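Only one structure is covered here, and it is reproduced in the block below.
Note that the coordinates shown come from a computational prediction; the quantities given were computed from them, not determined experimentally.
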Amino acid sequence: MRPALGLLYCLISCLGPAAALAQADVLETIKRNPAEAKAMCRQFRTAKSKNKNFDPYSRKTTRQVVKDRKISMGDAEILITYVVGMHCPDVH
């Protein structure tokens, strides 16, 4: 779990202050509503049960999160990293 948080910190640091603020909004939203994170985990587990090669970090999964949540690719990557790291590390 700690490596995921380290990666999250590095991504936010590298993207600059404006991007960090947008990503902070995405993270704050999911932190305030853990039911959303659990729902994402259920989706990931369902996908994993149907396809043993499912990868929550794949471009296909990231694009689906972008489409579903109407967020940027960077925000989706941060969100997936946080959700998997904190709520469902078993899906990776």
Listed partners of Lys31 passing salt bridge (charged side-chain N to carboxylate O under 4.0 Å, His left out), at least two apart
Glu28

Who pairs with Thr62 by side-chain hydrogen bond (donor to acceptor under 3.5 Å, both in side chains), at least two apart in sequence or on another chain?
none

Could you please spell out the steps behind the side chain to side chain contact (heavy atoms under 4.5 Å, CB included) verdict for Asn53 and Lys48?
CA-CA 7 Å; Asn53 294 321; Lys48 183 99 172 160; over 6 Å; no

Would you indicate whether the side-chain heavy atoms of Phe44 and His92 approach each other to under 4.5 Å?
no

Taking only residues two or more places apart in sequence, or in another chain, which ones meet Arg42 in a salt bridge (charged side-chain N to carboxylate O under 4.0 Å, His left out)?
none

Side chain to side chain contact (heavy atoms under 4.5 Å, CB included) for Leu27 and Ile78? Distances and angles first, verdict last.
CA-CA 8 Å; Leu27 288 178; Ile78 297 291; 3.9 Å; yes

So, do Ile30 and Val83 sit near enough that their side-chain heavy atoms are less than 4.5 Å apart?
yes

Are the side chain of Thr61 and the backbone of Tyr57 linked by a donor-acceptor contact shorter than 3.5 Å?
no

Set of side-chain hydrogen bond (donor to acceptor under 3.5 Å, both in side chains) partners for Thr46, sequence neighbours left out:
none

I want to check something: taking the side chain as every heavy atom from C-beta on, are His87 and Val84 in contact at a cut-off of under 4.5 Å?
no

side-chain hydrogen bond (donor to acceptor under 3.5 Å, both in side chains) filter on Asp90, not counting sequence neighbours, yields Arg45

Selection residues 46-77 - residue pairs positive for disulfide (SG to SG under 2.5 Å), sequence neighbours left out:
none

Listed once per pair and sorted, the disulfide (SG to SG under 2.5 Å) pairs that draw on residues 51-92, sequence neighbours left out:
Cys41-Cys88

Starting at CD of Glu77, measure out to CD1 of Ile71 and round the result to the nearest 0.5 Å.
10.0 Å

Which pairs count as salt bridge (Lys or Arg N to Asp or Glu O under 4.0 Å) when at least one residue sits in residues 54-69, sequence neighbours excluded?
Glu36-Arg69

For residues Val66 and Ala76, report the shortest heavy-atom separation together with the two atoms involved.
CG2-CB, 3.6 Å

